[in-house]
Amino acid sequence: MKVRKNIAVSDSGLVFNPENGESFSVNPIGVELTSLMREGKSFDEISALILKKYNTEKQVFEKDFHEFLDTLSNYGILDNDEKEKA
Amino acid sequence: MMKKRKLNIAVTGLNAVDSPGPGVSVIRALREAESFDVRIIGLAYESLEPGIYLHEIVDKTYQIPYPGAGTDTLLPRLEYIHSKEKLDVIIPNFDAELFPFIKLEKKLQAMGIRMFLPTLHQFEERQKVNLCEFGLKYGIKVPRARVLYDPSAINSLASEFSFPVIVKGKFYDASVAYSLEQVKNFYDRISAKWGLPIIIQEFIHGTEFNVTGLGDGKGKTIAAIPMRKQYITDKGKAWGGISIADETMLELTRRFLKETKWRGGFELELMKNKDNELYLLEINPRLPAWIYLSVGAGQNIPEALVNLALGKKVEAFTEFIVGKMFIRYSWDMIVDREEFEQISIYGEL
(Lines give C-alpha, C1' and ligand atoms only; values in the text may rest on other atoms or scores of the structure.)
Protein backbone atom coordinates (compact mmCIF):
# COMPACT_ATOMS: atom_id res chain seq x y z
CA MET A 1 0.00 0.00 0.00
CA LYS A 2 2.77 2.35 -0.87
CA VAL A 3 2.67 5.32 -3.19
CA ARG A 4 5.37 4.86 -5.80
CA LYS A 5 8.49 6.83 -5.06
CA ASN A 6 8.47 8.89 -8.24
CA ILE A 7 4.86 10.06 -7.88
CA ALA A 8 4.58 13.72 -6.99
CA VAL A 9 1.75 14.84 -4.70
CA SER A 10 1.63 18.56 -4.04
CA ASP A 11 0.21 20.12 -0.87
CA SER A 12 -2.67 21.44 -2.95
CA GLY A 13 -3.56 17.90 -4.02
CA LEU A 14 -2.20 17.63 -7.56
CA VAL A 15 -0.98 14.10 -8.20
CA PHE A 16 1.46 13.76 -11.11
CA ASN A 17 2.73 10.52 -12.59
CA PRO A 18 6.03 11.40 -14.32
CA GLU A 19 6.09 8.15 -16.30
CA ASN A 20 2.97 8.81 -18.31
CA GLY A 21 2.33 12.49 -17.72
CA GLU A 22 -1.08 11.90 -16.17
CA SER A 23 -2.20 14.24 -13.46
CA PHE A 24 -5.33 14.55 -11.36
CA SER A 25 -6.33 16.22 -8.16
CA VAL A 26 -7.35 14.74 -4.83
CA ASN A 27 -9.17 16.51 -1.99
CA PRO A 28 -7.51 17.43 1.34
CA ILE A 29 -8.37 14.03 2.82
CA GLY A 30 -6.75 12.42 -0.24
CA VAL A 31 -3.60 14.47 0.38
CA GLU A 32 -3.59 13.38 4.00
CA LEU A 33 -4.07 9.72 3.11
CA THR A 34 -1.35 9.70 0.46
CA SER A 35 0.96 11.46 2.88
CA LEU A 36 0.34 8.80 5.55
CA MET A 37 0.85 6.06 2.96
CA ARG A 38 4.12 7.72 1.99
CA GLU A 39 5.23 7.49 5.60
CA GLY A 40 4.83 3.72 5.29
CA LYS A 41 1.82 3.42 7.58
CA SER A 42 -0.39 0.35 7.20
CA PHE A 43 -4.09 0.31 6.33
CA ASP A 44 -5.03 -0.28 9.98
CA GLU A 45 -2.71 2.41 11.26
CA ILE A 46 -4.12 4.95 8.84
CA SER A 47 -7.66 3.90 9.66
CA ALA A 48 -7.01 4.35 13.39
CA LEU A 49 -5.46 7.79 12.86
CA ILE A 50 -8.32 9.04 10.70
CA LEU A 51 -11.04 7.69 12.98
CA LYS A 52 -9.37 9.39 15.92
CA LYS A 53 -9.13 12.69 14.10
CA TYR A 54 -12.47 12.84 12.30
CA ASN A 55 -15.99 12.10 13.31
CA THR A 56 -16.79 9.14 11.06
CA GLU A 57 -17.62 5.47 11.34
CA LYS A 58 -15.00 2.80 10.78
CA GLN A 59 -17.08 0.93 8.20
CA VAL A 60 -17.77 4.07 6.18
CA PHE A 61 -14.17 5.22 6.21
CA GLU A 62 -12.70 1.85 5.31
CA LYS A 63 -15.09 1.43 2.39
CA ASP A 64 -14.10 4.87 1.08
CA PHE A 65 -10.42 4.17 1.69
CA HIS A 66 -10.61 0.95 -0.32
CA GLU A 67 -12.26 2.83 -3.18
CA PHE A 68 -9.56 5.49 -2.97
CA LEU A 69 -6.85 2.81 -3.13
CA ASP A 70 -8.54 1.25 -6.17
CA THR A 71 -8.55 4.63 -7.89
CA LEU A 72 -4.87 5.19 -7.09
CA SER A 73 -4.11 1.70 -8.33
CA ASN A 74 -5.97 2.28 -11.61
CA TYR A 75 -3.93 5.41 -12.17
CA GLY A 76 -0.70 3.49 -11.56
CA ILE A 77 0.09 5.47 -8.43
CA LEU A 78 0.68 2.53 -6.12
CA ASP A 79 3.77 0.42 -6.10
CA ASN A 80 2.77 -2.81 -7.91
CA ASP A 81 4.11 -5.24 -5.31
CA GLU A 82 2.74 -3.21 -2.48
CA LYS A 83 -0.63 -2.95 -4.20
CA GLU A 84 -0.93 -6.71 -4.20
CA LYS A 85 -0.22 -6.82 -0.48
CA ALA A 86 -2.91 -4.20 0.11
CA MET B 1 33.92 36.54 -20.52
CA MET B 2 34.71 35.14 -23.94
CA LYS B 3 32.71 36.66 -26.76
CA LYS B 4 30.39 34.14 -28.38
CA ARG B 5 30.73 33.47 -32.07
CA LYS B 6 27.87 34.82 -34.13
CA LEU B 7 26.48 32.27 -36.58
CA ASN B 8 24.31 32.95 -39.60
CA ILE B 9 21.71 30.21 -39.49
CA ALA B 10 19.00 29.71 -42.10
CA VAL B 11 15.80 28.05 -40.94
CA THR B 12 12.73 26.86 -42.85
CA GLY B 13 9.26 26.01 -41.56
CA LEU B 14 8.14 29.53 -40.64
CA ASN B 15 4.46 28.74 -41.08
CA ALA B 16 2.36 28.63 -37.93
CA VAL B 17 -1.08 27.40 -38.85
CA ASP B 18 -2.95 24.80 -36.77
CA SER B 19 -0.40 22.30 -38.04
CA PRO B 20 2.58 24.55 -37.46
CA GLY B 21 6.05 24.27 -38.92
CA PRO B 22 8.90 23.84 -36.44
CA GLY B 23 10.84 26.91 -37.64
CA VAL B 24 9.78 29.45 -35.04
CA SER B 25 10.36 26.98 -32.18
CA VAL B 26 13.77 26.04 -33.56
CA ILE B 27 14.73 29.72 -33.79
CA ARG B 28 13.59 30.48 -30.25
CA ALA B 29 15.81 27.63 -29.07
CA LEU B 30 18.77 28.92 -31.11
CA ARG B 31 18.33 32.41 -29.68
CA GLU B 32 18.74 30.92 -26.22
CA ALA B 33 21.88 28.98 -27.14
CA GLU B 34 24.73 29.38 -24.68
CA SER B 35 27.52 28.44 -27.05
CA PHE B 36 26.86 30.93 -29.86
CA ASP B 37 24.92 34.00 -30.93
CA VAL B 38 22.79 33.95 -34.04
CA ARG B 39 21.59 35.96 -36.96
CA ILE B 40 18.54 34.13 -38.28
CA ILE B 41 17.76 33.93 -41.96
CA GLY B 42 14.25 32.69 -42.61
CA LEU B 43 13.61 30.61 -45.71
CA ALA B 44 9.94 30.79 -46.66
CA TYR B 45 7.79 29.24 -49.37
CA GLU B 46 4.79 31.54 -49.10
CA SER B 47 4.41 35.21 -48.31
CA LEU B 48 1.94 34.61 -45.51
CA GLU B 49 4.17 32.46 -43.33
CA PRO B 50 3.95 34.28 -39.97
CA GLY B 51 7.63 33.82 -39.12
CA ILE B 52 8.52 36.24 -41.94
CA TYR B 53 6.91 39.09 -40.00
CA LEU B 54 8.21 38.15 -36.55
CA HIS B 55 11.18 40.50 -36.74
CA GLU B 56 12.40 39.79 -33.22
CA ILE B 57 12.58 36.10 -34.21
CA VAL B 58 13.74 36.25 -37.83
CA ASP B 59 16.28 38.87 -38.93
CA LYS B 60 15.78 38.54 -42.67
CA THR B 61 13.67 36.27 -44.84
CA TYR B 62 14.11 35.00 -48.38
CA GLN B 63 11.58 33.10 -50.41
CA ILE B 64 12.80 29.80 -51.78
CA PRO B 65 11.28 27.57 -54.48
CA TYR B 66 9.00 24.71 -53.48
CA PRO B 67 10.74 21.33 -53.07
CA GLY B 68 8.93 20.07 -56.16
CA ALA B 69 10.90 22.54 -58.30
CA GLY B 70 14.00 20.39 -57.81
CA THR B 71 17.56 21.02 -56.71
CA ASP B 72 18.48 22.80 -59.97
CA THR B 73 16.16 25.62 -58.94
CA LEU B 74 16.89 25.50 -55.22
CA LEU B 75 20.70 25.59 -55.48
CA PRO B 76 21.02 28.93 -57.36
CA ARG B 77 18.60 30.51 -54.90
CA LEU B 78 20.65 29.24 -51.95
CA GLU B 79 23.83 30.45 -53.66
CA TYR B 80 22.29 33.91 -53.98
CA ILE B 81 21.19 33.92 -50.32
CA HIS B 82 24.64 32.70 -49.27
CA SER B 83 26.31 35.50 -51.24
CA LYS B 84 24.28 38.00 -49.21
CA GLU B 85 24.23 36.34 -45.82
CA LYS B 86 27.33 34.11 -45.56
CA LEU B 87 25.38 31.21 -44.13
CA ASP B 88 27.07 28.92 -41.63
CA VAL B 89 24.25 26.42 -41.13
CA ILE B 90 20.89 25.56 -42.68
CA ILE B 91 18.22 23.75 -40.67
CA PRO B 92 15.48 22.40 -42.97
CA ASN B 93 12.33 21.61 -41.02
CA PHE B 94 9.90 20.05 -43.49
CA ASP B 95 9.75 16.39 -44.44
CA ALA B 96 9.14 17.25 -48.09
CA GLU B 97 12.21 19.46 -48.42
CA LEU B 98 14.63 17.07 -46.78
CA PHE B 99 15.18 15.05 -49.93
CA PRO B 100 16.49 18.03 -51.98
CA PHE B 101 18.54 19.32 -49.05
CA ILE B 102 20.11 15.89 -48.48
CA LYS B 103 20.93 15.80 -52.20
CA LEU B 104 22.57 19.22 -51.94
CA GLU B 105 24.47 18.56 -48.72
CA LYS B 106 27.89 18.07 -50.33
CA LYS B 107 27.55 21.06 -52.64
CA LEU B 108 26.45 23.27 -49.80
CA GLN B 109 29.29 21.98 -47.65
CA ALA B 110 31.73 22.94 -50.39
CA MET B 111 30.28 26.45 -50.17
CA GLY B 112 30.88 26.45 -46.41
CA ILE B 113 27.30 25.75 -45.38
CA ARG B 114 26.78 22.94 -42.90
CA MET B 115 23.71 20.86 -42.17
CA PHE B 116 23.14 17.86 -39.92
CA LEU B 117 20.69 15.65 -41.75
CA PRO B 118 19.93 11.96 -41.94
CA THR B 119 21.53 10.10 -44.83
CA LEU B 120 19.41 9.36 -47.87
CA HIS B 121 19.27 5.71 -46.79
CA GLN B 122 18.06 6.64 -43.30
CA PHE B 123 15.56 9.07 -44.76
CA GLU B 124 14.11 6.49 -47.16
CA GLU B 125 14.17 3.57 -44.74
CA ARG B 126 11.88 5.28 -42.22
CA GLN B 127 9.37 6.50 -44.85
CA LYS B 128 5.81 5.68 -43.94
CA VAL B 129 5.61 3.22 -46.83
CA ASN B 130 8.61 1.33 -45.41
CA LEU B 131 7.68 1.44 -41.73
CA CYS B 132 6.59 -2.21 -41.48
CA GLU B 133 9.92 -3.47 -42.85
CA PHE B 134 11.65 -0.98 -40.61
CA GLY B 135 9.87 -2.39 -37.55
CA LEU B 136 10.72 -5.95 -38.53
CA LYS B 137 14.36 -5.15 -39.20
CA TYR B 138 14.94 -3.39 -35.89
CA GLY B 139 12.54 -5.36 -33.71
CA ILE B 140 10.28 -2.37 -33.05
CA LYS B 141 6.54 -2.88 -32.82
CA VAL B 142 4.67 -0.99 -35.58
CA PRO B 143 1.00 -1.14 -36.62
CA ARG B 144 0.12 -3.40 -39.55
CA ALA B 145 -0.07 -1.45 -42.77
CA ARG B 146 -0.74 -1.74 -46.45
CA VAL B 147 0.53 0.57 -49.17
CA LEU B 148 -1.97 1.39 -51.91
CA TYR B 149 -1.14 2.70 -55.36
CA ASP B 150 -4.54 1.90 -56.84
CA PRO B 151 -8.02 2.58 -55.41
CA SER B 152 -9.29 -0.75 -56.76
CA ALA B 153 -7.39 -2.44 -53.91
CA ILE B 154 -9.52 -0.69 -51.28
CA ASN B 155 -12.27 -3.33 -51.29
CA SER B 156 -9.82 -6.03 -50.29
CA LEU B 157 -8.97 -4.15 -47.06
CA ALA B 158 -12.09 -5.39 -45.29
CA SER B 159 -10.68 -8.90 -45.02
CA GLU B 160 -7.34 -7.65 -43.74
CA PHE B 161 -8.19 -4.94 -41.23
CA SER B 162 -10.89 -4.31 -38.70
CA PHE B 163 -12.24 -0.79 -38.71
CA PRO B 164 -11.37 1.91 -37.98
CA VAL B 165 -8.15 2.27 -39.97
CA ILE B 166 -5.86 5.24 -40.52
CA VAL B 167 -5.56 6.55 -44.07
CA LYS B 168 -2.25 8.37 -44.50
CA GLY B 169 -0.56 10.41 -47.19
CA LYS B 170 3.04 9.80 -48.18
CA PHE B 171 4.32 12.90 -46.39
CA TYR B 172 1.39 14.52 -44.63
CA ASP B 173 -2.22 14.10 -43.66
CA ALA B 174 -3.95 11.27 -41.88
CA SER B 175 -7.63 10.52 -41.30
CA VAL B 176 -9.46 7.85 -39.34
CA ALA B 177 -11.82 5.88 -41.58
CA TYR B 178 -14.66 3.81 -40.14
CA SER B 179 -15.82 2.22 -43.40
CA LEU B 180 -14.60 1.33 -46.88
CA GLU B 181 -16.61 4.27 -48.17
CA GLN B 182 -14.66 6.64 -45.94
CA VAL B 183 -11.38 5.02 -46.99
CA LYS B 184 -12.29 5.76 -50.61
CA ASN B 185 -13.10 9.39 -49.80
CA PHE B 186 -9.87 9.92 -47.87
CA TYR B 187 -7.88 8.09 -50.54
CA ASP B 188 -9.16 10.55 -53.17
CA ARG B 189 -8.71 13.63 -51.00
CA ILE B 190 -5.22 12.81 -49.72
CA SER B 191 -3.85 11.46 -53.01
CA ALA B 192 -5.13 14.56 -54.84
CA LYS B 193 -3.17 16.72 -52.42
CA TRP B 194 -0.02 14.73 -51.71
CA GLY B 195 0.12 12.12 -54.46
CA LEU B 196 0.53 8.36 -54.17
CA PRO B 197 0.95 6.01 -52.47
CA ILE B 198 -1.62 6.04 -49.72
CA ILE B 199 -0.89 4.07 -46.57
CA ILE B 200 -3.59 2.16 -44.73
CA GLN B 201 -2.55 1.59 -41.14
CA GLU B 202 -4.11 -0.45 -38.35
CA PHE B 203 -5.71 1.83 -35.76
CA ILE B 204 -4.11 1.42 -32.35
CA HIS B 205 -6.31 2.52 -29.47
CA GLY B 206 -4.36 4.16 -26.71
CA THR B 207 -2.54 7.24 -25.54
CA GLU B 208 -0.34 9.29 -27.84
CA PHE B 209 3.23 10.14 -27.00
CA ASN B 210 6.10 11.69 -28.91
CA VAL B 211 9.83 11.57 -28.39
CA THR B 212 12.11 14.18 -29.86
CA GLY B 213 15.84 13.87 -29.86
CA LEU B 214 19.14 14.00 -31.67
CA GLY B 215 21.38 11.24 -32.98
CA ASP B 216 25.07 11.82 -33.66
CA GLY B 217 25.14 9.63 -36.78
CA LYS B 218 27.30 7.02 -35.06
CA GLY B 219 24.64 5.36 -32.96
CA LYS B 220 24.83 7.61 -29.94
CA THR B 221 21.85 9.37 -28.38
CA ILE B 222 22.78 13.00 -27.84
CA ALA B 223 19.35 14.03 -26.62
CA ALA B 224 15.92 12.48 -26.07
CA ILE B 225 12.80 13.86 -24.45
CA PRO B 226 9.49 11.97 -24.31
CA MET B 227 6.32 14.05 -24.24
CA ARG B 228 2.70 13.15 -23.59
CA LYS B 229 0.23 15.05 -25.73
CA GLN B 230 -2.20 16.75 -23.39
CA TYR B 231 -4.26 18.70 -25.87
CA ILE B 232 -4.68 17.43 -29.42
CA THR B 233 -6.05 19.43 -32.36
CA ASP B 234 -8.41 18.13 -35.03
CA LYS B 235 -5.32 17.38 -37.09
CA GLY B 236 -3.82 15.29 -34.34
CA LYS B 237 -1.19 17.88 -33.46
CA ALA B 238 -0.17 18.50 -29.88
CA TRP B 239 -1.34 21.93 -28.74
CA GLY B 240 -0.17 21.19 -25.22
CA GLY B 241 2.13 18.55 -23.79
CA ILE B 242 4.27 17.55 -20.83
CA SER B 243 7.74 16.01 -20.58
CA ILE B 244 7.66 12.58 -18.99
CA ALA B 245 10.13 10.00 -17.73
CA ASP B 246 9.08 6.82 -19.49
CA GLU B 247 12.07 4.51 -19.54
CA THR B 248 10.49 2.22 -22.19
CA MET B 249 10.26 5.13 -24.61
CA LEU B 250 13.79 6.27 -23.87
CA GLU B 251 15.05 2.71 -24.35
CA LEU B 252 13.19 2.41 -27.67
CA THR B 253 14.70 5.75 -28.75
CA ARG B 254 18.22 4.69 -27.83
CA ARG B 255 17.73 1.42 -29.71
CA PHE B 256 16.42 3.25 -32.77
CA LEU B 257 19.45 5.56 -32.79
CA LYS B 258 21.93 2.79 -32.10
CA GLU B 259 20.56 0.45 -34.76
CA THR B 260 20.06 3.02 -37.51
CA LYS B 261 22.97 5.29 -36.58
CA TRP B 262 20.52 8.10 -37.14
CA ARG B 263 22.08 11.45 -37.97
CA GLY B 264 20.18 14.55 -36.96
CA GLY B 265 17.00 15.56 -35.23
CA PHE B 266 13.89 13.42 -35.23
CA GLU B 267 10.49 12.87 -33.71
CA LEU B 268 9.05 9.46 -32.93
CA GLU B 269 5.26 9.23 -32.85
CA LEU B 270 4.22 6.54 -30.41
CA MET B 271 1.02 5.00 -29.16
CA LYS B 272 0.71 3.06 -25.91
CA ASN B 273 -2.24 0.67 -25.78
CA LYS B 274 -4.12 -0.46 -22.69
CA ASP B 275 -1.70 -3.37 -22.23
CA ASN B 276 1.16 -0.86 -22.07
CA GLU B 277 2.53 -2.04 -25.41
CA LEU B 278 4.34 0.68 -27.30
CA TYR B 279 3.79 1.06 -31.04
CA LEU B 280 5.88 3.23 -33.31
CA LEU B 281 3.47 5.03 -35.64
CA GLU B 282 5.85 7.28 -37.50
CA ILE B 283 9.39 8.62 -37.58
CA ASN B 284 9.59 12.25 -38.56
CA PRO B 285 13.10 12.94 -39.86
CA ARG B 286 13.35 16.43 -38.42
CA LEU B 287 12.75 18.43 -35.27
CA PRO B 288 9.09 18.79 -34.27
CA ALA B 289 7.08 22.01 -33.81
CA TRP B 290 7.15 21.47 -30.03
CA ILE B 291 10.96 21.43 -29.93
CA TYR B 292 11.05 24.54 -27.74
CA LEU B 293 9.87 22.31 -24.88
CA SER B 294 13.29 20.67 -25.05
CA VAL B 295 14.84 23.99 -23.99
CA GLY B 296 12.39 24.27 -21.11
CA ALA B 297 13.22 20.72 -20.11
CA GLY B 298 16.95 21.42 -20.10
CA GLN B 299 18.11 20.00 -23.43
CA ASN B 300 18.60 22.65 -26.10
CA ILE B 301 18.43 20.21 -28.99
CA PRO B 302 18.64 22.78 -31.85
CA GLU B 303 21.81 24.21 -30.27
CA ALA B 304 23.36 20.74 -30.02
CA LEU B 305 22.35 20.04 -33.65
CA VAL B 306 24.12 23.21 -34.85
CA ASN B 307 27.26 22.31 -32.94
CA LEU B 308 27.25 18.81 -34.46
CA ALA B 309 26.75 20.37 -37.91
CA LEU B 310 29.84 22.50 -37.28
CA GLY B 311 31.82 19.38 -36.42
CA LYS B 312 32.13 20.22 -32.74
CA LYS B 313 32.28 17.60 -30.05
CA VAL B 314 28.92 17.51 -28.34
CA GLU B 315 28.42 15.73 -25.05
CA ALA B 316 25.22 13.72 -24.70
CA PHE B 317 22.63 15.17 -22.36
CA THR B 318 22.17 12.91 -19.36
CA GLU B 319 19.07 14.37 -17.78
CA PHE B 320 16.04 16.53 -18.36
CA ILE B 321 13.28 18.09 -16.30
CA VAL B 322 10.20 15.89 -16.03
CA GLY B 323 6.80 17.58 -15.84
CA LYS B 324 7.67 20.64 -17.95
CA MET B 325 4.72 21.63 -20.06
CA PHE B 326 4.20 23.55 -23.24
CA ILE B 327 0.92 25.22 -24.03
CA ARG B 328 0.68 26.62 -27.53
CA TYR B 329 -1.19 29.74 -28.47
CA SER B 330 -1.81 31.77 -31.59
CA TRP B 331 -2.07 35.51 -31.92
CA ASP B 332 -2.78 38.05 -34.59
CA MET B 333 0.06 40.20 -35.84
CA ILE B 334 -0.67 43.54 -37.42
CA VAL B 335 1.42 43.84 -40.56
CA ASP B 336 1.87 46.75 -42.96
CA ARG B 337 0.93 46.02 -46.54
CA GLU B 338 4.37 47.25 -47.64
CA GLU B 339 6.01 44.34 -45.84
CA PHE B 340 3.72 41.85 -47.53
CA GLU B 341 4.47 43.55 -50.83
CA GLN B 342 8.22 43.38 -50.21
CA ILE B 343 8.25 39.61 -49.64
CA SER B 344 5.63 38.91 -52.34
CA ILE B 345 7.23 40.95 -55.13
CA TYR B 346 10.93 40.87 -54.28
CA GLY B 347 11.07 37.58 -52.37
CA GLU B 348 12.99 39.20 -49.50
CA LEU B 349 12.10 40.96 -46.29
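The chains referred to below are lettered A, B, ... by the order of the sequence lines, with proteins before strands, and numbering in each begins at 1. In this text the structure is predicted, and so the values were computed from the model without any measurement. The figures that follow rest on heavy atoms only: side chains count, while hydrogens, waters and symmetry mates do not.
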>> Please check if the number of heavy atoms outside A:Glu67 that lie under 6.0 Å from its CD is greater than 12.
In response: yes

> Does the B:Arg228 side chain pair with the main chain of A:Gly21, one donor and one acceptor, at a distance under 3.5 Å?
Replying inline: no

>> Tell me whether B:Asp275 at atom CG has more than 12 heavy atoms from other residues, nucleotides or ligands lying less than 6.0 Å away.
In response: yes

>> Take a 6.0 Å sphere around CG of B:Asp234 and say whether it holds more than 12 heavy atoms from other residues, nucleotides or ligands.
In response: no

>> Less than 4.5 Å to any heavy atom of chain A: does that hold for the side chain of B:Glu247, its backbone, both, or neither?
In response: neither

> What pair of heavy atoms forms the shortest contact from A:Asn20 to B:Ile244, and how long is it?
Replying inline: C-CG2, 3.7 Å

> Should we count OH of B:Tyr231 as having more than 12 external heavy atoms under 6.0 Å?
Replying inline: no

> Can you say whether B:Ser243 sits under 4.5 Å from chain A via the side chain, the backbone, both, or neither, judging by heavy atoms?
Replying inline: backbone

